[in-house]
Asker: 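Structure provided below as structure tokens; questions to follow.
Every value quoted in this text rests on a predicted model; they were computed, and no experiment measured them. Naming: A, B, ... by sequence-line order, numbering from 1 per chain.
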Amino acid sequence: MHRWSAGSRTTPTAPASRARSRTNITTSPESRPPYVDSSISQFLRMSPDVPRVTCGALTAADVGRAVELNGWVHRRRDHGGLIFIDLRDWTGLTQLVFNPATNDTQSAVFRQAEELRSEFVVGVRGIVQKRPAGTENPKLATGEIEVAVESIRVENESKTPPFVVASDDEPAEDVRLQYRYLDLRRPRMQRNLRMRHTIVKAIRDYFDEHDFVEIETPNLIKSTPEGARDYLVPSRVHRGTFYALPQSPQILKQILMIGGMGRYMQIARCFRDEDPRADRQPEFTQVDVEMTFVEQDDVLRMMEGCVRYVWRRALGAVIPDPLPRLTYAEAMTRYGSDKPDLRFGLDLVDVDDLFRGGAFGLFASLAESNDNRIVAVRWPGGAALSRRDFDAVTELAKQFGAKGLAYVTFAPDGVKGSIARFVDDALAAALRAETRAEDGDALLFVGDARGAASDVAGKLRLEIGDRLGLRKPEDFAFCWVSGFPLFEKDPETGEITFSHHPFTSPAPGQEALFDSDPLAITAQHYDLVLNGYELGSGSIRNHTVEFQRKVFRRLGLGDEQIEDRFGFFMEALAYGAPPHGGMALGIDRIVMLACGESSIRDVIAFPKNQMARDLMMDAPSTVPDQALRDLGLRIVQPAPVT
RNA sequence: GGUCUCGUAGCGCAGUGGAAGCGCAACUCUCUGUCGAGGAGAAGGCGCGGGUUCGAUUCCCGCCGGGACCGCCA
């Protein structure tokens, strides 16, 4: 519970995301609220002779002191002759009391208090007093005391807010985004943005201690092909030409390495013109890192040291040392994902051998080819589910891309389920031995082409984990995934393309495969994964111009295209580029998971919605014709739909 | 570009082919120990367009808007 929270009201239908947002977070030393704020200008003070204190700091030790507070009216409880006001600032709540024992109800200060409304901004001067016995509020950090107000000054009034800031009821997200400044006043958002600050500061401190230098790179850069869609900025000076906003500082940080900077980091804003998701925004923030004269293992150790440091500083959590490492192949086999959620087991189990030559014709034939895979996913307690439940899960599997879903249940009275009639005692025993299924469990089976079967089974595994409550937001399971292929085949065009980016180097000694079997090359590329989210990826880069050119050519770029788009970079590589590698981690996702949130929009002050619009500013918007003329641009309306 | 889902009062939510409801907020009155204060009263609404129907907030279609996901995201 956040220290601000005055109430613990829970709605029975509260969505999981809101429940998660109340995850207990250890307060870091950096975010402890100050007690006295002496930095306020005199003219804002009501009585310079008494200290100005924050709303979250007063305790029983302060009883009897005269103090001054500033803040927002959080809630007002008017008993007629007795008025309570919860005063809020960024540190917490303090109860103000207007009591005729000290204030005549006809007094000016009492009449002022009667006029106060939610979100009014006030300054008060008063005496800290102990609350009468039995009226303390243990839910409030300042619940032992209250401030008897002697004088009050209304700094600003407020229109009636569109939603109640002081309420746990969460308005629809479009309303929150339109009135973001009100949403930001809520304790949850205050906590999230403070957590973000704490994490970013810890990141900077960590890399500073390891002799990294933070270097800014430009946001108006050259568009390079491939990858995501660029955001383009038209040039006024050079009509008809465009800057691109960086999808990441990738090439620039490599050039910093060529520039001899040794160890670089940056909290960098990145821009990609692709459709947003709960964990994706058109602009987002990465901690971007690059080092010279390193091998893959050096980068992994440095980066996992960073997340361990961050989690310790920001959350007081201990992260394993070293982090578990998986190969891409292992991750796909055991978890059906290249970003596995390791907070729970329920590993996928291959059961091809058990069905090969068996009574179930579909699986028997699938098992004949090594290109296929038959995967079992164990569902603890699944035998208690109804036929209707399994129909729903089958429907879900189809949404995931499955052609169908087979299942069996192991109840004390025997094997049941959609393929039970094909499962004799021997097969049942073998399945239970392989999957460690117990009485009361169910097994889901996905049989398909290897990749498709893994993918669907992996998603079903996550679904089961969700339903069983195994994906706890307060658990943090990091892992490395490496050993990705350097190239992959574009499923649509059949052409060879890079899996990560074209600057990734192959594993040592695999250059020879370049012409014979490029798809077999393993990349020196690694992903850091947390709870099923890809936090970021990195690689050891190509550092010779010859090899980089070879890669570009392999990807189908002609020398002219290479020169046009990457000429400056190829030139740089040719002047003694050192071996180097690095990584970038998504700050938004890190903070989201650290806060127990399910959307990065809740850890960004001013995010865009799913249509990439800013609902508060109403961006994007049209611009005056003159602005277009200056840029040599004309808007072409899309053809009307007939 | 696609699939799913939602749109009822300022906010959060019920509900129905035949007279529109609850909680909070806001407004008036009342109330001296509350902390989701309490009591009384009054005010306020079915996203837009089309269709089916005697009748549509409800059913159908389209549009607009929010969200989740797929595509996309080197």
Side-chain angles (χ1 to χ4, degrees), chain A residues 5-15 17-18 74-86 93-103 105 110 117-119 131-140 142-143 146 159-179 182 224-230 247-248 250-251 270-282 284 395-396 398-401 455 459 487-488 490-492 497-504 525 534 537 539 551 555 584 586 598-599 601 609-611 613 615 641:
Chain A
S5 254
S8 59
R9 176 168 55 136
T10 51
T11 314
T13 55
S17 65
R18 197 154 19 122
H74 189 67
R75 267 201 199 90
R76 191 176 70 113
R77 292 178 293 280
D78 187 343
H79 290 231
L82 175 70
I83 298 173
F84 298 104
I85 283 178
D86 291 335
L93 298 175
T94 294
Q95 174 166 287
L96 309 179
V97 60
F98 300 79
N99 190 327
T102 50
N103 298 306
T105 54
F110 200 91
R117 294 294 181 269
S118 291
E119 302 309 313
R131 294 195 188 188
T135 66
E136 300 88 353
N137 184 352
K139 293 184 235 168
L140 219 53
T142 59
E146 62 194 359
K159 290 168 69 175
T160 300
F163 54 86
V164 184
V165 173
S167 170
D168 277 340
D169 282 344
E170 186 156 304
E173 198 161 359
D174 50 335
V175 180
R176 292 176 57 203
L177 291 179
Q178 185 184 346
Y179 299 94
L182 297 179
T224 53
E226 309 293 335
R229 204 173 290 114
D230 281 325
Q247 295 180 26
S248 78
Q250 180 63 34
I251 289 182
C270 306
F271 306 86
R272 294 177 192 174
D273 188 4
E274 301 291 351
D275 291 351
R277 288 282 192 282
D279 62 348
R280 272 165 35 190
Q281 282 271 299
F284 60 99
E395 199 49 46
L396 196 63
K398 285 179 179 169
Q399 283 175 31
F400 293 153
D455 185 50
K459 287 173 174 163
F487 297 112
E488 58 193 28
D490 188 314
E492 286 173 19
T497 180
F498 43 83
S499 325
H500 178 42
H501 61 51
F503 313 111
T504 302
H525 164 209
E534 181 194 315
S537 60
S539 64
V551 172
L555 295 169
S598 52
S599 164
R601 293 187 295 270
N609 75 356
Q610 198 163 155
M611 299 296 287
R613 278 160 44 92
L615 296 176
V641 181

Asker: Do Glu274(A) side-chain and G71(B) base share a donor-acceptor contact under 3.5 Å?
Answerer: no
Asker: Looking at Lys398(A), I'd like to know whether one of its side-chain N or O atoms comes within less than 4.0 Å of OP1 or OP2 on U3(B).
Answerer: no
Asker: Under the salt bridge (Lys or Arg N to Asp or Glu O under 4.0 Å) test, which residues partner Asp78(A), sequence neighbours left out?
Answerer: Arg76(A)
Asker: What about Arg131(A): does its side chain form a donor-acceptor pair under 3.5 Å with the base of C35(B)?
Answerer: yes
Asker: Take the protein atom CD1 of Ile83(A) and the nucleotide atom P of C31(B), then report the distance between them rounded to whole Å.
Answerer: 12 Å
Asker: Nearest nucleotide by nearest heavy atom, which residue falls closer to the 5' end of RNA chain B, Arg117(A) or Phe503(A)?
Answerer: Arg117(A)
Asker: What's the closest nucleotide to the Arg272(A) side chain, out of C73(B), C35(B), C11(B)?
Answerer: C73(B)
Asker: If you pin Arg77(A) and Val164(A) to their nearest nucleotides in RNA chain B, which one's is more 5'?
Answerer: Val164(A)
Asker: Looking at A20(B), which nucleotide sits across from it as a Watson-Crick or G-U wobble partner, both distances under 3.5 angstrom, or is there none?
Answerer: none
Asker: With Glu274(A), which residues qualify under salt bridge (Lys or Arg N to Asp or Glu O under 4.0 Å), at least two apart?
Answerer: Arg229(A)
Asker: Hey, is the main chain of Gly227(A) close enough, under 3.5 Å, to the side chain of Gln247(A) for a donor-acceptor pair?
Answerer: no
Asker: If the condition is salt bridge (Lys or Arg N to Asp or Glu O under 4.0 Å), which residues does Arg131(A) pass it with, not counting sequence neighbours?
Answerer: none
Asker: Would you tabulate the nitrogen or oxygen pairs shorter than 3.5 Å linking the protein to nucleotides 41-46 of chain B?
Answerer:
none

Asker: Should Arg229(A) be listed as having a side-chain N or O under 4.0 Å from OP1 or OP2 of C72(B)?
Answerer: no
Asker: Which residues pass the side-chain contact (heavy atoms from CB on, under 4.5 Å) test with Pro138(A), sequence neighbours left out?
Answerer: none
Asker: Given the structure, check if the side chain of Arg280(A) and the base of C73(B) hold any donor-acceptor pair shorter than 3.5 Å.
Answerer: yes
Asker: Which value, in whole Å, describes the distance between the P atoms of nucleotides G39(B) and A26(B)?
Answerer: 16 Å
Asker: State whether the aromatic ring of Phe163(A) stacks on the base of C11(B), taking stacking to mean ring centres under 5.5 Å apart and ring planes under 30° to each other.
Answerer: no
Asker: Would you call Arg77(A)-Asp86(A) a salt bridge at under 4.0 Å N-O?
Answerer: yes
Asker: Any base atoms under 4.0 Å from Glu136(A), or only sugar-phosphate, or nothing? Heavy atoms, all strands.
Answerer: base
Asker: Pick the C1' atom in C59(B) and in G65(B), then give their distance to the nearest Å.
Answerer: 22 Å
Asker: Has the side chain of Thr135(A) got a donor or acceptor atom that lies under 3.5 Å from a matching backbone atom of Pro132(A)?
Answerer: yes
Asker: For the base of G38(B) and the side-chain ring of His79(A), does the geometry meet a stacking cutoff of under 5.5 Å between centres and under 30° between planes?
Answerer: no
Asker: If you go through the side-chain atoms of Asp275(A), does one of them form a donor-acceptor pair with the base of G71(B) closer than 3.5 Å?
Answerer: yes
Asker: Using the P atom as the point on both nucleotides, what is the distance between U57(B) and A20(B), in whole Å?
Answerer: 10 Å
Asker: Assign Ser248(A) to base, sugar-phosphate, or nothing according to its heavy-atom contacts below 4.0 angstrom with the strands shown.
Answerer: base
Asker: Measure all distances between protein nitrogen or oxygen atoms and nitrogen or oxygen atoms of nucleotides 64-69 of chain B, and list the pairs falling under 3.5 Å.
Answerer:
{"from": "G66(B)", "atom 1": "OP1", "to": "Asn609(A)", "atom 2": "ND2", "distance (Å)": "2.6"}
{"from": "G67(B)", "atom 1": "OP1", "to": "Gln610(A)", "atom 2": "N", "distance (Å)": "3.4"}
{"from": "G67(B)", "atom 1": "OP2", "to": "Gln610(A)", "atom 2": "N", "distance (Å)": "3.4"}
{"from": "G67(B)", "atom 1": "O3'", "to": "Arg601(A)", "atom 2": "NH2", "distance (Å)": "3.1"}
{"from": "A68(B)", "atom 1": "OP1", "to": "Arg601(A)", "atom 2": "NH2", "distance (Å)": "2.6"}
{"from": "A68(B)", "atom 1": "OP2", "to": "Gln610(A)", "atom 2": "NE2", "distance (Å)": "2.4"}
{"from": "A68(B)", "atom 1": "N7", "to": "Gln610(A)", "atom 2": "OE1", "distance (Å)": "3.1"}
{"from": "C69(B)", "atom 1": "OP2", "to": "Ala278(A)", "atom 2": "N", "distance (Å)": "3.4"}
{"from": "C69(B)", "atom 1": "N4", "to": "Gln610(A)", "atom 2": "OE1", "distance (Å)": "3.4"}

Asker: Report yes if some heavy atom in the side chain of Phe498(A) is under 4.5 Å from a heavy atom in the side chain of Thr504(A); otherwise report no.
Answerer: no
Asker: Could you tell me which residues satisfy salt bridge (Lys or Arg N to Asp or Glu O under 4.0 Å) with Glu173(A), sequence neighbours excluded, listed by chain and number?
Answerer: Arg601(A)
Asker: Using atom C1' in both nucleotides, what's the gap between A43(B) and U32(B) to the nearest angstrom?
Answerer: 30 Å
Asker: Which part of the nucleic acid, if any, lies within reach of Pro162(A) when heavy atoms closer than 4.0 Å are counted: base, sugar-phosphate only, or nothing?
Answerer: sugar-phosphate
Asker: Should A25(B) form a Watson-Crick or G-U wobble pair with both distances under 3.5 Å, which nucleotide is its partner?
Answerer: none
Asker: What interatomic distance, in whole Å, is found between C1' of A42(B) and the corresponding atom of U53(B)?
Answerer: 38 Å
Asker: Between atom CZ in Phe98(A) and atom P in C35(B), what is the gap in whole Å?
Answerer: 18 Å
Asker: Return the pairing partner of C64(B) with a 3.5 Å limit on both distances, Watson-Crick or G-U wobble; otherwise return none.
Answerer: G7(B)
Asker: Name all residues meeting the side-chain hydrogen bond (donor to acceptor under 3.5 Å, both in side chains) criterion together with Gln281(A); count only those two or more places apart in sequence or in a different chain, and write none if there are none.
Answerer: none
Asker: Tell which nucleotide pairs with U32(B), taking only Watson-Crick or G-U wobble pairs whose two distances are both under 3.5 angstrom.
Answerer: none
Asker: Once you apply the 3.5 Å cut-off to both distances, tell me the Watson-Crick or G-U wobble partner of C59(B), or none.
Answerer: G51(B)
Asker: Measure the spacing between OG1 of Thr142(A) and CG of Asn137(A) and express it to the nearest 0.5 Å.
Answerer: 8.0 Å
Asker: So which nucleotide from U32(B), U34(B), A26(B) ends up closest to the side chain of Asn99(A)?
Answerer: U32(B)
Asker: Taking the same atom, C1', in C72(B) and in U58(B), what whole-Å distance lies between them?
Answerer: 38 Å
Asker: Under the side-chain hydrogen bond (donor to acceptor under 3.5 Å, both in side chains) rule, collect the residues that match up with Asp455(A), sequence neighbours excluded.
Answerer: Lys459(A)
Asker: Without decimals, in angstroms, what is the distance between Asp455(A) CG and G71(B) C1'?
Answerer: 14 Å
Asker: Give one of base, sugar-phosphate or nothing for Gln281(A), where a contact means two heavy atoms less than 4.0 Å apart.
Answerer: nothing
Asker: When rounded to the nearest Å, what value does the distance between C1' atoms of G12(B) and C6(B) take?
Answerer: 14 Å
Asker: Is there a Watson-Crick or G-U wobble partner for A37(B) with both distances under 3.5 Å, and if so, which one is it?
Answerer: none
Asker: Could you work out the separation of U3(B) and C46(B) based on their C1' atoms and round it to a whole Å?
Answerer: 27 Å
